[in-house]
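By convention in this document, chain letters (A, B, ...) are assigned in the order of the sequence lines, proteins followed by strands, and residues within each chain are numbered from 1. All of these numbers come straight from a predicted model, not from anything done at the bench.
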Number of protein chains: 2
Amino acid sequence: MLKISELAAKTGLTAHTLRFYEKNGLISASNRSPAGYRYYTESDVRRAEFVKTARNIGFSLDDISQLLSIRVDKTSHSCQEVTDITRHKLDEVNEKIKELQSMQQTLNILLDSCCGGPELATQCSIMEALDEGEVRNQRNKHKKLEKQK
Amino acid sequence: MLKISELAAKTGLTAHTLRFYEKNGLISASNRSPAGYRYYTESDVRRAEFVKTARNIGFSLDDISQLLSIRVDKTSHSCQEVTDITRHKLDEVNEKIKELQSMQQTLNILLDSCCGGPELATQCSIMEALDEGEVRNQRNKHKKLEKQK
DNA sequence: GTTGACCTTAGAGTAGACTCTAAGCTTATA
DNA sequence: TATAAGCTTAGAGTCTACTCTAAGGTCAAC
């Protein structure tokens, strides 16, 4: 059985984060010492590592909660439920990538247009573009898409 | 001279957002009525539109503050200062894209590995992968990179 | 003169994932 | 027995960019 700092060392999460996860229903210690110290079993460790792996992939704590509830009773859940969560996450990721690529393109165009030198900004083509609003962008479009979800 | 709701209509920002921007030093009304109503000049409108364009590209409010201080006195600033801000933003965007592409790849691999059907999750390969921590990921790497900035 | 639309302010709330603090107990070691 | 390290809790703070609320003042029209 591990104390919280030992689990922290083992998982790379901090003790603070582990308590935070407990408060949010993700990981709790199966046992407590008489004084209230958390003691984690091997099974708790595996759960904590599951959470860490899922978090590293990019799942939200909310996604992880769902995955955990499947994990504790796999016979009551189907593969489809798991792939639904995964696919939904992938959709989000794809959407964000699109947004960022749009920004990337705009920023590259701006950078290409400007000398970037010690010249005064009076005729800086980036400033001009911003002033004239002549920057094609898709942020709002993406925002709308996000809200449609 | 425009009242706040008129500027809101013209820019697509809300009156709430305009007041929020004022509180944060981005846009303020050059004039006030005796009763305290904000009245925006043509020059204020152009500034507001500049802010909106920059925000749509993806610049943070902090970036925009910097761009605005260049804008009001272009003869004291160089193109390089403008490109520095832009390039820094581009670096951030590129970094985030990399992170997201890493997630995207992982999610695609997970989805490919699972049948996604009505089968019980007892042998779901996504759950197995999460349990075994066998998911290559780069989030921490990216996190470290972020902190180095 | 009254209705209704619009304006003002300070300040609280939201989301997500932590991160930290304060005040006080527990435990191991010298 | 004293010290230091480590544990507990509740709750506040951080970051970004809003978003909303409450309580009240203003203005044009009928």
Side-chain angles (χ1 to χ4, degrees), chain A residues 1-29 31-40 48 51-52 54-66 68 89 92-93 96 99-100 103 139-140 142-144 146-147 149, chain B residues 1-29 31-40 48 51-52 54-66 68 89 92-93 96 99 103 139-140 142-143 146-147 149:
Chain A
M1 302 249 273
L2 302 179
K3 279 194 282 189
I4 195 164
S5 62
E6 293 164 337
L7 180 58
K10 193 154 188 169
T11 57
L13 301 168
T14 69
H16 276 305
T17 299
L18 287 167
R19 290 194 202 95
F20 170 77
Y21 284 174
E22 180 171 310
K23 204 164 59 186
N24 285 270
L26 298 184
I27 304 165
S28 57
N31 300 295
R32 292 276 188 142
S33 78
Y37 282 30
R38 288 170 180 81
Y39 282 108
Y40 295 92
V51 169
K52 208 209 167 186
R55 192 202 66 167
N56 283 346
I57 291 170
F59 284 110
S60 68
L61 299 192
D62 198 74
D63 294 332
I64 297 174
S65 289
Q66 289 178 253
L68 284 169
K89 185 73 211 170
E92 276 176 24
V93 167
K96 277 193 203 144
E99 252 177 87
L100 287 167
M103 290 181 204
R139 190 188 171 200
N140 288 337
H142 292 312
K143 272 212 145 172
K144 271 181 205 153
E146 263 178 45
K147 286 194 177 168
K149 273 173 212 165
Chain B
M1 304 248 275
L2 302 178
K3 280 194 282 189
I4 196 164
S5 63
E6 292 164 336
L7 181 58
K10 194 153 187 171
T11 57
L13 302 167
T14 69
H16 276 305
T17 299
L18 286 167
R19 290 194 202 95
F20 170 77
Y21 283 174
E22 179 171 309
K23 205 164 59 184
N24 286 271
L26 298 183
I27 304 165
S28 57
N31 300 295
R32 292 278 187 139
S33 78
Y37 282 30
R38 288 170 179 81
Y39 280 109
Y40 296 93
V51 169
K52 207 208 169 187
R55 192 202 66 168
N56 283 347
I57 291 170
F59 284 109
S60 67
L61 299 193
D62 198 72
D63 294 331
I64 297 174
S65 289
Q66 290 179 252
L68 284 170
K89 185 75 210 169
E92 275 177 25
V93 167
K96 277 192 203 144
E99 253 178 84
M103 291 182 203
R139 190 188 171 201
N140 287 338
H142 292 314
K143 273 211 145 174
E146 265 179 42
K147 287 193 177 170
K149 275 175 210 162

Practice item. Apply side-chain contact (heavy atoms from CB on, under 4.5 Å) to A:Arg32 and A:Tyr37, showing your working. Key: CA-CA 5 Å; A:Arg32 292 276 188 142; A:Tyr37 282 30; over 6 Å; no

How many whole angstroms separate atom [atom1] of [X] from atom [atom2] of [N]?
X: A:Phe20; N: C:dA15; atom1: CZ; atom2: P; answer: 13 Å
X: A:Asn24; N: D:dA10; atom1: CG; atom2: P; answer: 13 Å
X: B:Leu13; N: D:dC20; atom1: CG; atom2: P; answer: 15 Å
X: B:Asp62; N: D:dT14; atom1: CG; atom2: C1'; answer: 15 Å
X: B:Lys52; N: D:dC18; atom1: NZ; atom2: P; answer: 11 Å
X: B:Ile64; N: D:dA17; atom1: CD1; atom2: C1'; answer: 11 Å
X: B:Asp63; N: D:dC15; atom1: CG; atom2: C1'; answer: 15 Å
X: A:Lys89; N: C:dG16; atom1: NZ; atom2: P; answer: 10 Å

**Study point:** Candidate list B:Lys3, B:Met1, B:Glu22, test side chain to side chain contact (heavy atoms under 4.5 Å, CB included), partner B:Arg38, passing option
**Key:**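 Filter result, single survivor: B:Glu22.
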
Exercise for review: Give the C-alpha distance, both sets of side-chain angles, the deciding distance and a yes or no for side-chain contact (heavy atoms from CB on, under 4.5 Å) between A:Tyr21 and A:His16.
Suggested key: CA-CA 9 Å; A:Tyr21 284 174; A:His16 276 305; over 6 Å; no

Review point. Any idea which heavy atoms bring B:Ala8 and B:Ala15 closest together, and the distance?
Key: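 Smallest heavy-atom distance, with atoms named: CB-N, 3.8 Å.
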
Out of [options], which has the shortest distance to the side chain of [X]?
X: B:Arg55; options: D:dC18, C:dC7, C:dT9; value: D:dC18
X: A:Arg19; options: C:dT8, D:dG11, D:dT8; value: D:dT8
X: B:Lys23; options: D:dT8, C:dC18, C:dG11; value: C:dG11
X: A:Thr17; options: D:dC18, C:dT19, C:dC6; value: C:dT19

Point to revise | Residue-phosphate contact under 4.0 Å: B:Arg32 side-chain N/O, D:dT26 OP1/OP2 | key: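 For D:dT26, neither OP1 nor OP2 has a side-chain N or O of B:Arg32 closer than 4.0 Å.
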
Exercise for review: Pick base, sugar-phosphate or nothing for B:Ser60, based on heavy-atom distances below 4.0 Å to the nucleic acid.
Suggested key: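 Sugar-phosphate only.
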
Point to revise | Polar side-chain atom of A:Lys52 near backbone of A:Leu13 as donor-acceptor pair, under 3.5 Å | key: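 Flag not set: sc A:Lys52 to bb A:Leu13 has no pair under 3.5 Å.
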
Review point. Is a side-chain donor or acceptor of B:Thr11 paired with a backbone partner of B:Leu7 at a separation under 3.5 angstrom?
Key: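 Checked: pair present.
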
Review point. Does a donor on one side chain and an acceptor on the other come within less than 3.5 Å for A:Ser60 and A:Asp63?
Key: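 Their side chains do contain a donor-acceptor pair, which is all the 3.5 Å distance test asks for.
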
Atom pairs under 3.5 Å: protein N/O with N/O of nucleotides 21-27 of chain C:
{"from": "C:dT26", "atom 1": "O4'", "to": "A:Tyr37", "atom 2": "OH", "distance (Å)": "3.3"}

Exercise for review: Measure the CG-CG distance between A:Asp62 and A:Leu26 for me, rounded to the nearest 0.5 Å.
Suggested key: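 One gets 9.5 Å once the value is rounded to the nearest 0.5 Å.
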
Review point. A:Phe20 and A:Leu61: side-chain contact (heavy atoms from CB on, under 4.5 Å), yes or no, with the steps?
Key: CA-CA 11 Å; A:Phe20 170 77; A:Leu61 299 192; 3.6 Å; yes

Check your understanding: Between the axis at one end of the helix from C:dG1-D:dC30 to C:dA30-D:dT1 and the axis at the other (five pairs apiece), what's the angle to 10 degrees?
Key ->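 Nearest ten degrees gives 30° for this helix.
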
